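Everything numeric in this text was worked out from a predicted model, so none of it was measured.
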Amino acid sequence: LATGPRQNNSIFYEIRTYDIKPSKMKEFVEMVSKYFHLRTAHSELVGFWSAELGAMNKVFHVWKYDNFAHRTAVRQALANDKDWQGKFISPALPLIEKQHNEVAYLVPWCQLGKPPKEGGVYEWVTFQMKPGGPALWGEAFRAAINAHINTGYTKLIGVFHTEYGLLNRVHVIWWNESPDHRAAGRHRAHEDARVVAAVRDSVRFLDSQENVLLIPLQCSPLK
C-alpha cells in the first residue's frame, strides 16, 4: 500500500462547490447548459452535478489538470476569454451565494472510473479523517472501500485526497442505478460481516462524514 496522498504523476483535480441562491437555481442550471462549452474548451471537465439530497441549491464540479502550471495557464486564458466572461461569468456571479474550491489527488490505489451506463445517480461522500494522513489511516480506509465494492451493488468512480483545503479529507464518488437501488444495496451491506468488520476498523480514524446524492447536469461527462 502506497501511503502518499497522490499517484506517481503531477495530475490533480480541482473540486469546486457553489451555493446558488434558491430563487436562481433554475436560471443557473440553464446558463450552464447554454454556455458551459465555452469553459470546457479550455480544460477537461470530469463531472458537473447538482445536489438532490443532503444539500440544496448546491452544485459540484471537478476539473482535471496536468500540473499547477497547466491550471495557471487555463485561468489566464479564461480571464482573457471575452465570450466566457461576458456570456457566463458576469451574469452568473449574481446568482451565486458562495464558492469553495479544493485541490485533490486520486489516491494511489484508485483509477478514475466511469459508470456502466448513463441515467443513474451519484453519491458524493466526504470523510474527514483524523490528522496523520494515509500513513495513519490509509490501509483501514482502503479496506472499507474495497469491502463495499465487493458487495457489487455500487460502482466506484473515484477516491480523492485533499492537498489544498481542509486536510485529511477524502471525497469518494459512487455511482448507483437509482436511489432505491442504492438503498437496497446499503441494507444488504450493513448485514455483510465483511463490510461491518472493515467499517468498524476504519471508523477509528474518522471524525465526520457527509453524504450528498447528486444528479449530473447535461454538460457533465459523467452522466
Side-chain angles (χ1 to χ4, degrees), residues 12-37 39-40 43-64 88-89 91-104 106 110 112-129 145 148 153-162 164-166 168-187 189 206-223:
F12 68 86
Y13 299 83
E14 182 176 5
I15 299 170
R16 286 181 165 244
T17 55
Y18 295 171
D19 290 294
I20 311 301
K21 294 179 180 178
S23 63
K24 300 297 184 180
M25 186 65 180
K26 183 176 182 292
E27 182 180 349
F28 180 83
V29 171
E30 289 174 349
M31 287 187 59
V32 169
S33 297
K34 187 174 182 179
Y35 294 117
F36 224 62
H37 65 281
R39 174 62 184 86
T40 55
S43 66
E44 182 179 348
L45 175 66
V46 175
F48 200 128
W49 305 267
S50 63
E52 180 72 12
L53 297 172
M56 296 181 69
N57 303 300
K58 195 179 192 76
V59 296
F60 294 68
H61 40 129
V62 179
W63 300 89
K64 181 180 179 181
F88 185 84
I89 293 297
L93 284 178
L95 314 181
I96 300 172
E97 287 192 327
K98 185 170 62 175
Q99 295 174 296
H100 177 71
N101 75 332
E102 296 173 307
V103 166
L106 280 170
C110 173
L112 193 62
K114 293 184 178 181
K117 61 181 180 180
E118 293 186 2
V121 296
Y122 291 79
E123 182 182 7
W124 185 292
V125 190
T126 299
F127 299 89
Q128 185 60 47
M129 309 302 291
I145 294 295
H148 283 87
Y153 80 89
T154 187
K155 166 71 175 177
L156 179 66
I157 301 299
V159 182
F160 302 87
H161 178 220
T162 56
Y164 288 100
L166 189 58
N168 296 291
R169 175 178 283 190
V170 183
H171 300 288
V172 183
I173 305 176
W174 301 95
W175 177 91
N176 289 280
E177 291 186 13
S178 69
D180 285 322
H181 185 266
R182 176 205 176 266
R186 292 283 292 178
H187 181 76
L206 181 66
D207 277 341
S208 65
Q209 177 180 341
E210 181 179 11
N211 291 29
V212 182
L213 186 73
L214 302 176
I215 305 298
L217 269 62
Q218 182 179 341
C219 68
S220 180
L222 288 174
K223 288 188 171 63

Worksheet, complete the sentence: In this structure, CH2 of Trp174 is separated from CZ of Arg186 (nearest 0.5 Å) by 9.0 Å
Worksheet item: Side chains of Phe88 and Met31: does their closest heavy-atom pair fall under 4.5 Å?
Response: yes
Discussion item. Tell me if the centroids of the rings in Phe60 and Trp124 come within less than 6.0 Å of each other.
Written reply: yes
Fill in: Contacts of Lys114 that satisfy side chain to side chain contact (heavy atoms under 4.5 Å, CB included) - sequence neighbours left out
Leu222
Fill in: Least distance between heavy atoms, Asp207 atom then Met129 atom
OD2-O, 4.0 Å
Fill in: More than 12 heavy atoms from other groups under 6.0 Å of CD on Glu97
yes
Item to complete: Report the distance from atom CD1 of Ile215 to atom CG of Leu213, rounding to the nearest 0.5 Å.
Response: 5.5 Å
Worksheet entry | Between CD on residue Glu123 and OG1 on residue Thr154, distance to nearest 0.5 Å | 7.0 Å
Discussion item. Check this for me: His187, atom NE2, are more than 12 non-hydrogen atoms of other residues, nucleotides or ligands nearer than 6.0 Å?
Written reply: no
Worksheet entry | Carboxylate-amine/guanidinium proximity below 4.0 Å for Glu30 and Lys26 | yes
Worksheet item: Once you round to the nearest 0.5 Å, how far does CG of Asn168 lie from OG1 of Thr162?
Response: 7.0 Å
Worksheet entry | Closest non-hydrogen atom pair, Ile157 against Pro115 | CD1-N, 3.8 Å
Worksheet entry | Check against side-chain contact (heavy atoms from CB on, under 4.5 Å), Leu214 and Ser50 | CA-CA 6 Å; Leu214 302 176; Ser50 63; over 6 Å; no
Worksheet item: Roughly how far, to the nearest 0.5 Å, is CZ of Arg16 from NE2 of His100?
Response: 11.0 Å
Fill in: Shortest non-hydrogen contact from Leu106 toward Tyr13
CD1-OH, 3.6 Å
Item to complete: Assert yes or no for the condition that the ring centre distance of His61 to Trp49 is strictly below 6.0 Å.
Response: no
Item to complete: Taking all heavy atoms of Pro221 and all of Leu45, pick out the closest pair and write down the distance.
Response: CG-O, 3.0 Å
Worksheet item: Taking only residues two or more places apart in sequence or in another chain, which ones pass side chain to side chain contact (heavy atoms under 4.5 Å, CB included) with Glu177?
Response: Lys117, Trp175, His181
Worksheet item: Rounded to the nearest 0.5 Å, how far apart are NZ of Lys98 and CG of Asn57?
Response: 12.5 Å
